[in-house]
Amino acid sequence: MNMLSKNNRIANRVISMIVGVLIGAALVIVGAVVDVGTLIWLALVIWGVIIIIGNVPALIYSVANIKSKGAVFDLIISVVGILLGVGLIVSQNQVVTLILAAYMIIFPVIRIILAKANWGEQLKREALRIILGVVLMVFGGTFLAVGEQVLKLLLTIIGWVVIGLTLIFGVVEIIRIAMSKPTDGDAPIYVEHEEK
C-alpha cells in the first residue's frame, strides 16, 4: 500500500523529472561548451575519487581484522587501490590508467578465485569493478584519440536522450498516478464523535 497521496506522488515525479532534465541539460551544455581535455581530466579525477572512497571501507575492515589471512590480502588490495586512485587524480597519463585498469581486473578475479565455494556470490560483487577495469583498459588511453567533435556530439546526444526519456516516462507515470483509484492513504479520515 502506498502511504503517499496522489498529490505527493505526482509532486515526487515532477521533482524527479526536473532533476532528470537538469542532468540532461548539463550534458548538452558540457558537450557544447567544455573543452574535451578538461572533460577527460574531470572524469578521471572523479573516477580516482570513487576508487579511493570504494577502498576506504575495505582498508578500515582489514586494519580492524589484521590477524586473519584474508584481511592481510584485503589490506594490500585496498592500499594499492587508494594509491592508484591518488595517482589517477594527480597524474592522468596512459601508464597510470593502464595500471589502474589492470588492478581493477586482476584483484577482483583473485578474490573470486579465493572465494571457492561462494565464487558465484563473489562474482556478483566484483562484476562491476571488472567491467569498469575493462572499459578503462580499452578506452582510458584513447579518449583523446576519439576526437573532440565526436565526443561532444556523443555527450549532446546522450543529454537529449536523457531529457526525452525523463519527460516521456515522467508524463506517463503522472498520468498513471492521476488515473489510479484512490488508495487507503488517499481516502479522507473520518472520526466519529459520540455525543453525550
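When reading the values below, keep in mind they use all heavy atoms of this one structure, side chains included, and skip hydrogens, waters and symmetry mates. None of these values were measured; they are calculated from a predicted model.
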*Asks:* Could you state whether Ile168 and Ile158 fall into the same hydrophobic cluster, counting links through intermediate Ile, Leu, Val, Met, Phe, Trp or Tyr residues with side-chain heavy atoms under 4.5 angstrom apart?
*Replies:* no
*Asks:* Under a 4.5 Å cut-off applied to non-hydrogen side-chain atoms, are Met104 and Leu84 in contact?
*Replies:* no
*Asks:* Examine distances only and state if a side-chain atom of Tyr103 and a backbone atom of Gly133 form a donor-acceptor pair shorter than 3.5 Å.
*Replies:* no
*Asks:* With respect to Val79, which candidate in Ile82, Ile77, Leu83 satisfies the side-chain contact (heavy atoms from CB on, under 4.5 Å) definition?
*Replies:* Leu83
*Asks:* Do Phe107 and Ile53 land in one hydrophobic cluster if side-chain heavy atoms of ILVMFWY residues count as linked below 4.5 Å?
*Replies:* yes
*Asks:* Kindly give the cluster partners of Val33, where membership spreads through any ILVMFWY side chain lying under 4.5 Å from a current member.
*Replies:* Ile29
*Asks:* Could you tell me which residues satisfy side-chain hydrogen bond (donor to acceptor under 3.5 Å, both in side chains) with Glu173, sequence neighbours excluded, listed by chain and number?
*Replies:* Arg176
*Asks:* With sequence neighbours excluded, tell me which residues meet side-chain contact (heavy atoms from CB on, under 4.5 Å) with Ile76.
*Replies:* Val72, Val80
*Asks:* With sequence neighbours left out, what residues match Ile60 under side-chain contact (heavy atoms from CB on, under 4.5 Å)?
*Replies:* Val56
*Asks:* Taking ILVMFWY side chains as joined if any heavy atoms are under 4.5 angstrom apart, and letting links pass through other members, which residues group with Ile18?
*Replies:* Ile10, Val14, Met17, Val21, Leu22, Val28, Trp160, Ile163, Leu167, Val171, Ile174, Ile175, Ile177, Met179
*Asks:* Treating Ile, Leu, Val, Met, Phe, Trp and Tyr as nodes and any side-chain heavy-atom pair under 4.5 angstrom as an edge, say whether Ile51 and Ile110 lie in one connected cluster.
*Replies:* yes
*Asks:* What residues form a side-chain contact (heavy atoms from CB on, under 4.5 Å) with Ile50, not counting sequence neighbours?
*Replies:* Ile46
